[in-house]
Amino acid sequence: AIAQRNLGEVEKANSDLKRARILGYDGEITPTQVTKQPASTSPSMNNTNASQNTSVALPDVVKQLERGVVTVQTDLGVGTGFLIDNSGIITTNHHVVEGAQEIKVQFGNGLVVEVDGMLGAYPGYDIVFLKIKLPKGGYPKALSLVQPNHVIEKAQEIYVIGAPNGNEFSFVKGYVVKARSGAETISAWKRIDRVNFNYDVNCPWIEHDTRVDSGNSGSPLMDASGNVLAMHTLSLRSVKNVPYRYAVDGRVFGELLAK
């Protein structure tokens with residue numbers, strides 16, 4: 001009876017800890033996040049207010065984070081992007097804007113802003129950096145990218161904001177399946193769909209299970225601290241109709257942006 005009672009107490013404690021992590025309570029999220037990831041400066045589930053006010057809820061945090069997310073509107077279609085620098089730099093997938101004659105971005109408050117120019121395009125990584133014009137009231141706070149040495153764990157919970165099928169600023173959550181090298185990912189694609197994409201073999205990927213669709217291209221995959229782990233890029237289906245979803249690893253963004 002004592003052993004059963006102690007086991008129940010442990011299970012309850014684990015359940016409470018998991019809930020605390022989701023709601024943004026101060027404390028350990030994963031060992032790697034505590035030891036290797038510096039504190040985020042963006043609105044996050046572990047920001048100062050969240051750690052001092054244990055009543056903060058996930059919906060409130062999402063409202064803060066989605067201010068840095070945009071819907072990318074072109075004459076060819078709709079995708080998603082997000083601010084990565086407070087000077088007005090956004091990123092999205094290269095294929096979202098490739099060949100487009102007109103590009104605008106829309107913020108969650110409905111404000112539409114024109115793109116001022118392209119700062120860098122990396123088709124092999126399916127990444128593009130765009131400079132947008134200064135909106136009224138200034139730029140929202142940019143989302144924080146993970147550092148190159150950050151460890152992304154399997155089964156790590158992730159949060160995605162995007163525009164699946166044009167349904168702007170939709171929120172879903174899921175899990176990391178595995179962080180994969182470019183070579184490993186390209187080999188997997190050939191087995192899954194017998195396709196040969198022209199991606200750089202050095203581009204690392206994050207496989208995930210989040211429910212995404214067309215229009216989610218360019219969506220940020222965020223961890224429990226609000227840091228961008230990756231950017232959703234493509235989905236495949238096997239011959240048995242099993243979905244496989246891949247995002248460009250966010251640990252390469254800083255290096256590309258600095259070029």
Side-chain angles (χ1 to χ4, degrees), residues 30 32-33 36 72 76-82 91-99 120-129 145-167 170-224 227-256 259:
T30 67
T32 55
Q33 288 173 332
K36 296 188 178 182
V72 181
L76 301 177
V78 175
T80 305
F82 53 96
T91 187
T92 186
N93 284 136
H94 182 266
H95 75 258
V96 170
V97 299
E98 185 178 13
Y122 302 91
Y125 288 69
D126 211 344
I127 294 174
V128 66
F129 299 113
L145 298 170
V146 290
Q147 298 299 313
N149 63 346
H150 182 76
V151 177
I152 298 176
E153 302 279 7
K154 285 187 286 188
Q156 185 173 346
E157 194 166 72
I158 51 176
Y159 308 92
V160 180
I161 300 173
N165 283 312
N167 296 306
S170 298
F171 169 83
V172 292
K173 72 175 181 177
Y175 296 90
V176 171
V177 175
K178 187 182 179 183
R180 301 186 185 276
S181 69
E184 181 184 7
T185 303
I186 292 172
S187 177
W189 290 343
K190 292 178 180 178
R191 292 194 303 273
I192 295 168
D193 204 22
R194 295 181 174 84
V195 293
N196 185 20
F197 295 108
N198 293 321
Y199 286 115
D200 193 314
V201 70
N202 295 311
C203 177
W205 296 83
I206 304 297
E207 184 182 348
H208 63 100
D209 72 346
T210 313
R211 180 174 55 82
V212 290
D213 207 334
S214 176
N216 272 120
S217 292
S219 293
L221 276 63
M222 296 170 284
D223 66 10
N227 300 303
V228 178
L229 299 179
M231 179 170 68
H232 176 70
T233 302
L234 61 89
S235 299
L236 301 174
R237 285 188 177 273
S238 70
V239 293
K240 294 186 178 181
N241 207 34
V242 176
Y244 293 83
R245 304 174 179 102
Y246 294 89
V248 178
D249 194 319
R251 291 173 291 191
V252 303
F253 280 70
E255 177 185 349
L256 296 179
K259 287 185 178 181

Decide side chain to side chain contact (heavy atoms under 4.5 Å, CB included) for Tyr199 and Thr233; before the verdict, give the C-alpha distance in whole Å, the side-chain angles of both, and the deciding distance to 0.1 Å. CA-CA 11 Å; Tyr199 286 115; Thr233 302; 3.7 Å; yes
Given the rule in the side chain to side chain contact (heavy atoms under 4.5 Å, CB included) test, do Leu229 and His150 qualify, once you have shown the distances and angles that lead to the verdict? CA-CA 9 Å; Leu229 299 179; His150 182 76; 3.9 Å; yes
Report the C-alpha distance between Val252 and Ile127 in whole Å, list the side-chain angles of each, state the deciding distance to 0.1 Å, and finish with yes or no for side chain to side chain contact (heavy atoms under 4.5 Å, CB included). CA-CA 10 Å; Val252 303; Ile127 294 174; 4.3 Å; yes
Quick one, Val128 with Thr92, criterion side chain to side chain contact (heavy atoms under 4.5 Å, CB included). Give me CA distance, side-chain angles, the key distance, then yes/no. CA-CA 6 Å; Val128 66; Thr92 186; 3.5 Å; yes
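Asp249 contributes no side-chain N or O that, together with a main-chain N or O of Ile206, makes up a donor-acceptor pair within less than 3.5 Å. Checked by atom type and distance alone, the side chain of Asn227 never pairs as donor or acceptor with a backbone atom of Val146 at under 3.5 Å. Under a 3.5 Å cut-off, the side chain of Tyr244 and the backbone N or O of Ile192 do not form any donor-acceptor pair. Checking side-chain atoms of Thr210 against main-chain N and O of Tyr159 turns up no donor-acceptor pair under 3.5 Å.
Within 6.0 Å of atom CZ in Arg211, 12 or fewer heavy atoms from other residues, nucleotides or ligands are found, so the atom counts as exposed in its surroundings.
Here the shortest heavy-atom pairing between Arg245 and Asp209 reads NH1-O, 3.4 Å. Contact detail for Ala247 and Ala230: the closest heavy-atom pair is CB-CB, 3.6 Å. Closest of all the heavy-atom pairs between Met231 and Leu221 is C-CD1, 4.4 Å. The minimum heavy-atom distance between Tyr246 and His232, with the atom names listed, is O-ND1, 3.4 Å. The shortest non-hydrogen separation linking Ala163 to Val78 is CB-CG1, 4.4 Å. When all heavy atoms are compared, the tightest approach of Ser181 to Trp205 is O-CD1, 4.5 Å.
Side chains of Asp200 and Asn202: a donor on one and an acceptor on the other come within 3.5 Å.
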